Amino acid sequence: MMIRIGNGYDLHRLVEGRKLILGGVEIDHHLGLLGHSDADVLTHAIMDALLGALSLGDIGHYFPPTDPQWAGSDSMKLLAQVHQLILDRGWIIGNIDNVIVAERPKLKPYLPAMIDTLAQKLAISPDRISIKATTNEKLGPVGREEAICVHTVILLFCQDQ
């Protein structure tokens with residue numbers, strides 16, 4: 001059996017007039033994330049970790065922000081496409097471990113819904129997905145509530161290689 005580890009990171013600026021979507025779940029907050037798509041920073045970090053584990057580049061390669069066809073895209077649909085690339089190569093997700101860094105809003109009440117939404121989209125058991133939320137102790141752009149970032153680690157395995 002072969003295993004691969006992927007690391008993902010993403011950060012998006014918080015702005016007025018946008019929805020805050022994390023892991024496919026809309027979060028009640030007066031600010032949302034700015035980006036070419038829906039700016040779901042959690043899903044973007046997961047996609048980058050999946051692609052990185054198999055040396056397939058990053059999401060900008062597949063969904064460039066300069067391409068108008070991806071404007072406003074639902075990141076969960078993009079995740080399905082990235083997941084299919086992984087499956088087509090014979091790889092299966094072992095687990096996904098995520099850390100969301102945000103001063104506000106408090107995310108703990110939303111974590112189960114994020115896990116369930118991602119598990120359904122990736123056709124894996126929810127116990128294979130961990131999402132933790134922390135703050136940046138008021139330091140840097142995240143600490144000043146100007147942005148939210150996510151760190152992700154993924155384990156992939158393949159029986160045939």
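Only heavy atoms go into these numbers, but all of them, side chains included; no hydrogens, no water, no symmetry mates. As the structure is a prediction and not an experimental result, all values here were calculated from the model.
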*asked:* To the closest 0.5 Å, what do you measure between CZ (R4) and CD1 (I86)?
replied: 10.0 Å

*Between M47 and D10, does a side chain to side chain contact (heavy atoms under 4.5 Å, CB included) hold up when you go through it step by step?*
CA-CA 10 Å; M47 288 189 286; D10 200 15; over 6 Å; no

Less than 3.5 Å apart, which donor and acceptor atoms pair up between the side chains of residues 50-65 and the rest of the protein, not counting sequence neighbours?
residue : atom : partner : partner atom : Å
D58     : OD1  : G60     : N            : 3.1
D58     : OD1  : H61     : N            : 3.1
Y62     : OH   : L56     : O            : 3.0

*Validation row: V142, I148 side chains within 4.5 angstrom (heavy atoms)*: no

*Going through the distances and angles, do V150 and V99 end up as a side chain to side chain contact (heavy atoms under 4.5 Å, CB included)?*
CA-CA 6 Å; V150 175; V99 179; over 6 Å; no

*Look at the side chain of H151 and the backbone N and O of Y9, then say whether any donor-acceptor pair between them is shorter than 3.5 Å.*
no

*Measure the CD1-CZ distance between I92 and F157 for me, rounded to the nearest 0.5 Å.*
4.5 Å

*Please check if the side chain of N98 supplies one atom and the backbone of T152 the other of a donor-acceptor pair under 3.5 Å.*
no

*Does V15 belong to the same Ile/Leu/Val/Met/Phe/Trp/Tyr cluster as L11, with side-chain heavy atoms less than 4.5 Å apart forming each link?*
no

*Could you pull out the closest heavy-atom pair between A119 and I129, with the gap in Å?*
N-CD1, 3.5 Å

*Can you establish whether the number of heavy atoms outside K19 located under 6.0 Å from its atom NZ is more than 12?*
no

*asked:* Atom CZ of residue position R18 - does it have more than 12 heavy atoms of other residues, nucleotides or ligands inside 6.0 Å?
replied: yes

*Name the one of L79, T117, D48, L78 that satisfies side-chain contact (heavy atoms from CB on, under 4.5 Å) with T43?*
L79

_Backbone N/O of G24 and side chain of D40: donor-acceptor pair under 3.5 Å_ = yes

*asked:* Would a single hydrophobic cluster contain both L85 and L87, if residues Ile, Leu, Val, Met, Phe, Trp and Tyr are joined by side-chain heavy-atom contacts under 4.5 Å?
replied: no

_Looking at I5, I want to see if its CD1 is surrounded by more than 12 non-hydrogen atoms of other residues, nucleotides or ligands under 6.0 Å._
no

_Could you measure the distance from the CG atom of N95 to the OG atom of S125? Nearest 0.5 Å is fine._
11.5 Å

*Start with the C-alpha gap between L14 and L33, add the side-chain angles, then the distance that decides, and say whether side chain to side chain contact (heavy atoms under 4.5 Å, CB included) holds.*
CA-CA 5 Å; L14 284 162; L33 294 169; 3.6 Å; yes

Review item, side-chain donor-acceptor pairs of residues 100-113, under 3.5 Å, at least two apart:
residue : atom : partner : partner atom : Å
E103    : OE2  : N136    : N            : 2.6
E103    : OE2  : E137    : N            : 3.1
E103    : OE2  : K138    : N            : 3.1
R104    : NE   : E145    : OE1          : 2.8
R104    : NE   : E145    : OE2          : 3.3
R104    : NH2  : E145    : OE1          : 3.0
Y110    : OH   : D28     : N            : 3.3

*asked:* Just so I know, are the side chains of L118 and M76 near enough to count as touching, which here means a heavy-atom distance under 4.5 Å?
replied: yes

_For D116 and Q120, which I'm curious about, is there any donor-acceptor pair between the side chains at under 3.5 Å?_
no

*What pairs meet the side chain to side chain donor-acceptor pair (under 3.5 Å) rule with one or both residues in residues 67-82, with sequence neighbours excluded?*
D38-S75, H44-S75, D67-Q69

*asked:* Do H36 and T66 have side chains that approach each other closer than 4.5 Å (heavy atoms only, starting at C-beta)?
replied: no

*Option from I27, I21, L22 for which side-chain contact (heavy atoms from CB on, under 4.5 Å) with V25 holds*: I27

*Interatomic distance, L122 atom CG to I154 atom CD1 [nearest 0.5 angstrom]*: 8.0 Å

